[in-house]
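Each chain gets a letter, A, B and so on, in the order the sequences are listed, and its residues count up from 1.
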Protein chains: 2
Amino acid sequence: MTTDWEKDWYKEHDKMYVATDCIIFGFDKGILKLLVFKRRVAPQKGAYSLIGSFVQLKESVTEAAKRVLTEITGLENVFMEELRTYNLAERDPGYRCISVAQYALISIDAQDKELVESHGAEWHDIRQLPALVLDHNDMVNDALKRLREKASYQPVGFELLPDKFTIPQLQQLYEAIYQKEIDPRNFRKKIMSFDILTRLDEKDKSTSKRGAYLYSFNSRQKLNFNTKFNI
Amino acid sequence: MTTDWEKDWYKEHDKMYVATDCIIFGFDKGILKLLVFKRRVAPQKGAYSLIGSFVQLKESVTEAAKRVLTEITGLENVFMEELRTYNLAERDPGYRCISVAQYALISIDAQDKELVESHGAEWHDIRQLPALVLDHNDMVNDALKRLREKASYQPVGFELLPDKFTIPQLQQLYEAIYQKEIDPRNFRKKIMSFDILTRLDEKDKSTSKRGAYLYSFNSRQKLNFNTKFNI
DNA sequence: TATAATAAATGTATTTTATACATTAATTAT
DNA sequence: ATAATTAATGTATAAAATACATTTATTATA
């Protein structure tokens, strides 16, 4: 395919490390959380960081992120989307390394809790995060911003809930994403208008005597991209 | 900062080439255009590609993109935003190389036309693009999609117009971005409601006897992010 | 077994925004 | 003076967002 001449042309240029870091969101008891881990190896042993990995030559960046995510949470087929690259020449004091940040939404109760703990990973309230290494706090802030933007024009975040959830739980999730209160009548009306939820014949009575109906999420295929979703 | 032990830890991992490719949009005579260039060197000499460069160790990805953009168009301070990475292990048949795609919006009449031509770069109607090398056509399609999304929730694309422009020109731009006709009464009403344009005491009479008032764009600071911009 | 307590569920009126649509105005060329 | 041409404008209707209070189902307990 390429001639030797062409390969030489490539070789004139610089190579660098490419990493990927995962901003992993979860939602538990009304609180939006982030999975961070306490580094057990150098560099920066003992410091908090996002979960990440160097990208290997044989794998795509996406594959690298999924590899590390599965390794730590036991989950596969997780919703994950590229956020952006962090690419300043001096961002990593060790070597030149760019990082492709990706954010993931996972259902906390689907995770392999022991596996997570065995890797030194911890769930932290998004409003009270520790200082993270390098530019990882920037990544988290940018990911949160992206999540809010995305939620403003399409239903989002169902990946953060268990398979069966109640409308009040879904509302709590939106309140956690936006960090503001939402009117329950308007919220329900809006969500229902999208026709993406199926009401089950089951109730969750853990938070009220009356109980709230459980719903499951329909495939999102029918969603019109231009749907306005201002809540 | 880092110990030798830590440096060894880095060195266990793979390095790769990091490139950046620019999806450069322009707007000329009512037509949305893309700047592509005919490669004068291997690999793929003679083929069309986006304008791009390998990222050097001493520069950020953003700097690399601006370097090549200035080199080819003579422009500085161009609007440019990261689109996403293209990172499949097998995307480049030569060597492992990921590309950070960035899209730029430039005012065609501000470019250095001769410089552009001297680099073999050409403006092509976005609706009739030639086949581009590697995954560059994907990049263009994704960038167009992003541009449309962005335009749906905030005024965008003023960078594609000269400093002074008329409302009909601005409408043409939106029609080119969305590839559909827009009602001129509703368009004007909507644009004016944002309070981002200043009417000048000058008219452009190149397209009508009556002439259309020229406007300039106010700083976008006052824009509310949540502004709905469905046209 | 009646009552209190509690969160879930619902409806309506008002305001804002989007959409659809046709005429008049300013200017130049003839 | 008139014809030709694009720019500029307004209004009525439909759809969506917002603000707001009461009833319902259920359990615990008096």
Side-chain angles (χ1 to χ4, degrees), chain A residues 29-30 148 151-155 161-162 164-176 178 180-216 223-231, chain B residues 29-30 148 151-155 161-162 164-176 178 180-216 223-231:
Chain A
K29 300 185 193 70
R148 284 179 189 136
S152 75
Y153 61 85
Q154 62 185 246
L161 294 171
K164 300 171 180 183
F165 52 86
T166 67
I167 305 287
Q169 273 181 301
L170 183 59
Q171 178 173 338
Q172 276 193 316
L173 170 58
Y174 270 87
E175 288 178 332
Y178 284 120
K180 75 166 190 184
E181 291 200 351
I182 299 171
D183 181 278
R185 288 157 292 190
N186 295 340
F187 181 79
R188 187 179 290 259
K189 205 187 315 173
K190 187 72 191 241
I191 283 287
M192 288 315 190
S193 75
F194 289 113
D195 199 30
I196 49 175
L197 299 184
T198 305
R199 193 174 92 172
L200 309 175
D201 276 335
E202 265 180 281
K203 281 188 167 187
D204 169 10
K205 293 194 173 162
S206 64
T207 54
S208 80
K209 288 162 184 168
R210 180 179 178 176
Y213 278 106
L214 287 164
Y215 288 77
S216 67
L223 270 182
N224 175 350
F225 180 78
N226 289 314
T227 304
K228 191 175 165 187
F229 200 65
N230 288 347
I231 284 188
Chain B
K29 299 186 193 71
R148 285 180 187 135
S152 75
Y153 61 86
Q154 62 183 248
L161 294 171
K164 301 172 181 182
F165 52 86
T166 67
I167 306 288
Q169 273 182 302
L170 183 59
Q171 176 173 339
Q172 276 192 316
L173 170 59
Y174 271 86
E175 289 179 329
Y178 285 120
K180 75 165 190 186
E181 290 200 352
I182 299 170
D183 181 278
R185 288 157 293 190
N186 295 340
F187 180 80
R188 187 179 290 259
K189 205 187 313 173
K190 187 73 192 238
I191 283 286
M192 288 313 190
S193 75
F194 289 113
D195 198 30
I196 49 175
L197 299 184
T198 304
R199 194 175 92 172
L200 309 175
D201 275 335
E202 266 180 278
K203 283 186 165 186
D204 169 12
K205 293 192 174 164
S206 65
T207 55
S208 79
K209 289 162 183 165
R210 179 178 177 176
Y213 278 106
L214 287 164
Y215 288 77
S216 68
L223 270 182
N224 175 352
F225 181 79
N226 288 315
T227 304
K228 192 174 165 187
F229 200 66
N230 289 347
I231 285 189

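In terms of position on DNA chain D, the residue among Pro184(A) and Thr166(B) whose nearest nucleotide sits closer to the 5' end is Thr166(B). Between Arg199(A) and Thr207(A), the one whose closest nucleotide on DNA chain C sits nearer the 5' end is Thr207(A).
Closest to the side chain of Asp183(A), out of dT27(C), dA9(C), dC20(D), is dC20(D). Among the nucleotides dC21(C), dA7(D), dC20(D), the one closest to any side-chain atom of Arg185(A) is dC20(D). With distances taken from any side-chain atom of Asn186(B) to the nucleotides dC20(D), dT19(C), dT6(D), the minimum falls on dT19(C). Ranking dA8(C), dA7(D), dT19(C) by closeness to the Ala212(A) side chain, first place goes to dA8(C). Distance from the side chain of Arg188(A) is smallest to dA8(C) among dT19(C), dT27(C), dA8(C).
With hydrogens and angles ignored, the 3.5 Å screen pairs no side-chain donor or acceptor of Gln172(B) with any backbone N or O of Lys29(B). Of the possible donor and acceptor atoms, one in the side chain of Tyr178(B) sits under 3.5 Å from a partner among the backbone N and O of Ala151(B). With hydrogens and angles ignored, the 3.5 Å screen pairs no side-chain donor or acceptor of Gln171(B) with any backbone N or O of Arg188(B).
As a whole-Å value, the separation of Phe187(A) CZ from dA19(D) C1' is 17 Å. Spacing between atom CD of Glu202(A) and atom P of dA25(D) amounts to 20 Å, rounded to whole angstrom units. Atom pair Ile182(B):CD1 and dC21(C):P shows a separation of 16 Å (rounding to whole Å applied). Between the C1' atom of dA20(C) and the NZ atom of Lys189(B) lies a distance of 9 Å, rounded to the nearest Å. Note: CZ (Arg210(A)) to C1' (dT27(D)) measures 13 Å, nearest angstrom. Distance Glu181(B) CD to dA20(C) P: 13 Å, rounded to the nearest Å. Summarising the geometry, the separation between CD on Gln169(B) and C1' on dA8(D) is reported as 16 Å, rounded to the nearest angstrom.
Nucleic acid contact class of Lys205(B) (heavy atoms, under 4.0 Å, all strands): sugar-phosphate only. Backbone-only engagement by Lys203(B) is indicated by non-hydrogen atom pairs under 4.0 Å involving sugar-phosphate atoms exclusively.
Between the side chain of Lys190(A) and the base of dT18(D), no donor-acceptor pair of N or O atoms lies under 3.5 Å.
The neighbour count for Lys203(A) NZ, taken as heavy atoms of other residues, nucleotides or ligands under 6.0 Å away, is above 12.
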Mind running side chain to side chain contact (heavy atoms under 4.5 Å, CB included) on Thr166(B) and Thr207(B) for me, showing each step along the way?
CA-CA 11 Å; Thr166(B) 67; Thr207(B) 55; over 6 Å; no
Under 3.5 Å, which N/O atoms of the protein pair with N/O atoms of nucleotides 1-4 of chain C?
none

